[in-house]
Amino acid sequence: MIYLRLFYEFFKAGLFSIGGGLATLPFLYHISDTTGWFTHSKLADMVAISESTPGPIGVNMATYVGFTTKGILGAVVATIGLITPSIIVILIIAGFLKAFRDNRYVKGAFYGLRPASTGLITAAGVSVVMISLVQWDLFQQTGSIWDLFHWKGLLLAVVIFLLTKVFKKLHPAVFIGASAVVGILFGFAGV
Amino acid sequence: MKELWDLFWTFARIGGLTFGGGYAMLPMLQREVVEKRNWATDEELMDYYAIGQCTPGIIAVNTATFVGQKTKGIVGGIVATLGVVFPSLVIITIIAAFIQNFADLEIVKNAFAGIRVCVCVLIFNAVVKLLKSSVIDKATLAIYLVVAIGSVLTSISPIIFVLFAAAAGILLQNWKGAASK
């Protein structure tokens, strides 16, 4: 029963991968090795596609693997397998939080967790900046400060920043759509 | 029933507009969940993110379950989660079925290079907003700096930072409480 196996493998991936979507990657390699549903190089393609489509990366990967293995139903089964452990664990924690919200230890923990959470998001933001605005590899090759920054990107970032301050009511999706168009028109991926 | 539909479509919209991981979802969550619908506060979003870092599963999914559960109980949690994964199912299935070498297409590469720049700015704005409600004194500033700088410069797991921060929070709060008595 391959559907059951798909569900089970992705349930495991969902249960044991903690943190971001790419944390599921080692599990996918394991699935590839033990089941032969897809090759390692196919997996690399799937990662690239998952990163260049909307939606959480882990979910995209599950859908892709499920679809290549067993069509649309396979995609649904793998994705539901991946999210089932999260749903169960979070529902339990949410119930616990409701009951202990006013406990002083829980309150103290959140007093420390909130700045930490903001810190982790800051770090995630820095890593996107390093990918999209800084050209560290090129800078190391040429040694020229001029090559350190992706100037087109930097200019776009400043323009978007100013626009988000002027048009506060605009939905973030508008800026994302506009940036995609600018990226295509000005060939952002090329050097 | 209407509220459940609302949950589903709101999270479907958030899932379909999130490019690149759970943290990129934050600006969408702030707009759709905090500002437009009052389903959660900025503080609660931070709590969910911190908990999502050290519980199994994908952060985007965990956050959806939390917000859904808070709004409409267990069914709400499930519906919101199904909503957040729905666009992925549709989009990835279409790409896998019909488009070869999607990620190598020049137009896709260029569009995403542009989108990533935008994501930088959106995350920056989101962080500025969160700082106002999370960094409220010297102790929280210290925790923020340790975690932010630590996770940029080292490869220490976020779980360690989250556990450290929770322990520091408990100690600091209770010490402050004891000092003021």
Side-chain angles (χ1 to χ4, degrees), chain A residues 14-15 18-21 48-49 52-56 58-60 63-64 67 75 79 83 85-87 89-91 94 105 108-126 128-129 132 153 156-157 160-161 164 172-173 175-176 179-180 182-184 187-189, chain B residues 15-17 19 21 23 27 46-47 49-50 55-58 60-62 65-66 69 74 77 81 85 87-89 91-93 96 102-103 107-123 127 130 134-135 140 143-144 147-148 151-152 158 161 165-166 168-170 173:
Chain A
L15 184 60
I18 295 178
I49 288 171
S52 29
T53 40
V59 174
N60 291 349
T63 306
Y64 204 120
F67 184 84
T79 306
I83 64 178
S86 293
I87 295 183
V89 171
I90 295 296
L91 286 178
Y105 292 107
F110 280 121
Y111 166 81
L113 282 177
R114 286 171 188 168
S117 189
T118 313
L120 289 171
I121 297 164
T122 305
V126 169
V128 193
V129 168
S132 55
L156 177 63
I160 297 172
F161 176 73
T164 55
F175 298 110
I176 289 195
S179 310
V182 171
I184 294 168
F188 263 46
Chain B
L17 295 171
F19 292 85
Y23 52 85
M46 283 185 283
D47 299 348
Y49 261 65
T55 49
I58 298 152
V61 170
N62 294 347
T65 312
F66 260 126
Q69 195 273 349
I74 292 178
T81 310
V85 302
S88 293
L89 271 172
I91 295 168
I92 296 286
T93 300
F102 177 82
I107 189 167
V108 174
K109 281 187 175 169
N110 283 325
F112 269 84
I115 287 173
R116 273 196 295 270
V117 172
C118 185
V119 169
C120 295
V121 178
L122 294 180
I123 293 181
V127 165
L130 292 186
S134 63
V135 174
T140 43
I143 294 175
Y144 169 74
V147 175
S151 43
V152 168
F161 286 117
I170 292 171
Q173 279 294 60

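In what follows, chains carry the letters A, B, and so on, assigned in the order in which the sequence lines appear, proteins first and then strands, with residues in each chain numbered from 1.
- A pairwise comparison of heavy atoms in A:Ser179 and A:Ile160 identifies OG-CD1, 3.2 Å as the closest pair.
- A:Tyr64 and B:Ala96 get closest at one heavy-atom pair: CZ-CB, 4.0 Å.
- With chain A as partner, the option from B:Ala50, B:Pro27, B:Gly77 having the largest number of non-hydrogen pairs under 4.5 angstrom is B:Ala50.
- Ranking B:Leu17, B:Val119, B:Thr140 against chain A, the residue ahead of the rest is B:Thr140, based on heavy-atom pairs under 4.5 Å.
- The shortest non-hydrogen separation linking A:Ala189 to B:Asn110 is N-OD1, 2.8 Å.
- Using a 4.5 Å cut-off between heavy atoms, B:Val121 touches chain A through its side chain atoms alone.
- Judged purely by atom type and a 3.5 angstrom limit, B:Asn62 has no side-chain atom pairing as donor or acceptor with the backbone of B:Tyr49.
- Comparing A:Pro85, A:Pro115, A:Gly183, A:Gly14 by heavy-atom pairs within less than 4.5 Å of chain B, the highest count is held by A:Pro115.
- A donor-acceptor pair shorter than 3.5 Å can be found between the side chains of A:Thr118 and B:Ser134.
- Using a 4.5 Å cut-off between heavy atoms, A:Phe67 touches chain B through its side chain atoms alone.
- When heavy atoms are compared at a cutoff of 4.5 Å, B:Leu122 approaches chain A solely by way of its side chain, counted from C-beta outward.
- By number of non-hydrogen pairs under 4.5 angstrom with chain A, the leading residue of B:Val108, B:Ile107, B:Leu89, B:Val135 is B:Leu89.
- Between B:Thr93 and A:Thr63 the shortest heavy-atom distance is OG1-CG2, 3.9 Å.
- Looking at B:Ile91, the atoms closer than 4.5 Å to chain A (heavy atoms on both sides) all sit in the side chain, from C-beta outward.
- If you measure heavy-atom distances from B:Val85 to chain A, the contacts under 4.5 Å come from both the backbone and the side chain.
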Next on the checklist: Evaluate A:Thr79 against B:Ser88 for side-chain contact (heavy atoms from CB on, under 4.5 Å), listing each step before the verdict.
Outcome noted: CA-CA 9 Å; A:Thr79 306; B:Ser88 293; over 6 Å; no
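- For A:Thr122, the parts lying near chain B are the backbone and the side chain together; criterion is any non-hydrogen pair under 4.5 Å.
- With a 4.5 Å cut-off on non-hydrogen atoms, B:Val127 touches chain A through its backbone and its side chain both.
- The two residues B:Ile143 and B:Ala168 come nearest to each other via the heavy atoms CD1-CB, 4.2 Å.
- Of the two parts of A:Pro172, the backbone and the side chain both hold a non-hydrogen atom closer than 4.5 Å to a non-hydrogen atom of chain B.
- Looking only at heavy-atom pairs under 4.5 Å with chain A, the residue among B:Phe66, B:Phe102, B:Phe161 that has the most is B:Phe66.
- For the pair B:Val61 and A:Ser86, the tightest heavy-atom approach, listed with the atom from each and the gap, is CG1-CB, 3.7 Å.
- With chain B as partner, the option from A:Thr53, A:Val182, A:Val89, A:Leu156 having the largest number of non-hydrogen pairs under 4.5 angstrom is A:Thr53.
- Under the 4.5 Å side-chain criterion, counting only non-hydrogen atoms from C-beta, B:Val147 is in contact with A:Leu120.
- For B:Ile123, the part lying under 4.5 angstrom from a heavy atom of chain A is the side chain only.
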